[in-house]
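For reference, the structure discussed in these notes is given below.
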Number of protein chains: 2
Amino acid sequence: MLSKRWNALIIFSLLGESQRFCTMTESIGISNRLLSERLKELEKDGIVTRNVYPETPVRIEYSLTEKGRALAPVMEEIQKWSQEWLPVQEAPEEKQAPTVR
Amino acid sequence: MLSKRWNALIIFSLLGESQRFCTMTESIGISNRLLSERLKELEKDGIVTRNVYPETPVRIEYSLTEKGRALAPVMEEIQKWSQEWLPVQEAPEEKQAPTVR
DNA sequence: TATAGTTGTTACGAATAGTAACCGATAGGA
DNA sequence: TCCTATCGGTTACTATTCGTAACAACTATA
């Protein structure tokens, strides 16, 4: 499951707090097609839950189940390893709205 | 890198001891095409080293670098998680030579 | 009516994975 | 010499998955 592209990043971004769909696409840099697909799979695997808030426009938040939160130590070890062994990378450039002068 | 299919299994199987190409294809269940491709990538990333023993037929053993062995804690946490949260699976059936009666 | 925000779905070309056949070097035996 | 076998891969081809863009359904607001 962690070997599937994006899943580690999805879980990582949910470890902190529950997140909305559109927030996740932006912060992870995944397309909505794939995020939708991955979240369905993770929900079926019992790692993620989907919470619907029927406001307008509808708000949907995804969060981790206990099984999902139990992956925290795995993610921590991955972080430790990458801090020690991977060269520091430039952050990907922000897409800015063109500034009007 | 761990998100690429097979890489976690390849590293896991090298954590114990160095392995030959043909042993790895059998134990992991990966095709030789992909194993070859993945090992090249992992070698380029400095995670795996390739040792050639010019016997006949030639013997080639793959082993982990220090950077690769540093992934041991990650793999351990993954193991712990799966033992706690994943149902026990049937081992994939061995391919047996047909028994002659 | 038109527009915008949110969470998706559909369509389709591009990239990656999987399968099977083949290659080159070497050695052993007929 | 010719055939066979082993090892560590390549090559060729098909199937699956990914990535991008366009669109859909719902509803509130202008």
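What you are looking at is a predicted structure, and each value in this text was computed from that prediction instead of being measured.
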What's the shortest heavy-atom distance between B/Trp6 and B/Gly29, and which atoms? CH2-O, 3.7 Å
Electrostatic pair [X]-[Y], nearest N-O below 4.0 angstrom:
X: A/Glu41; Y: A/Lys4; value: yes
X: B/Lys80; Y: B/Glu77; value: yes
X: A/Glu37; Y: A/Arg33; value: yes
X: A/Glu66; Y: A/Arg69; value: no

Can you tell me the distance, in whole Å, between the NZ atom of A/Lys4 and the P atom of D/dG19? 12 Å
From B/Tyr62 OH over to B/Gln19 CD, what is the distance, rounded to the nearest 0.5 angstrom? 12.0 Å
Gap between atom CG of B/Leu35 and atom CD1 of B/Ile28 - 0.5 Å precision: 6.0 Å
Please encode protein proximity along nucleotides 2-16 of chain D as a string of B, S and -, counting only heavy-atom distances under 4.0 Å. ----BSSBBBB----
Using a 4.0 Å cut-off to any heavy atom of chain B, which nucleotides of DNA chain C are the first and last in contact, reading 5' to 3'? C/dA17 to C/dA27
The residue, A/Gly29 or A/Thr56, whose nearest nucleotide of DNA chain D is more 5′ is A/Gly29
Would B/Thr49 and B/Ser63 count as having a side-chain donor-acceptor pair, cut-off 3.5 Å? yes
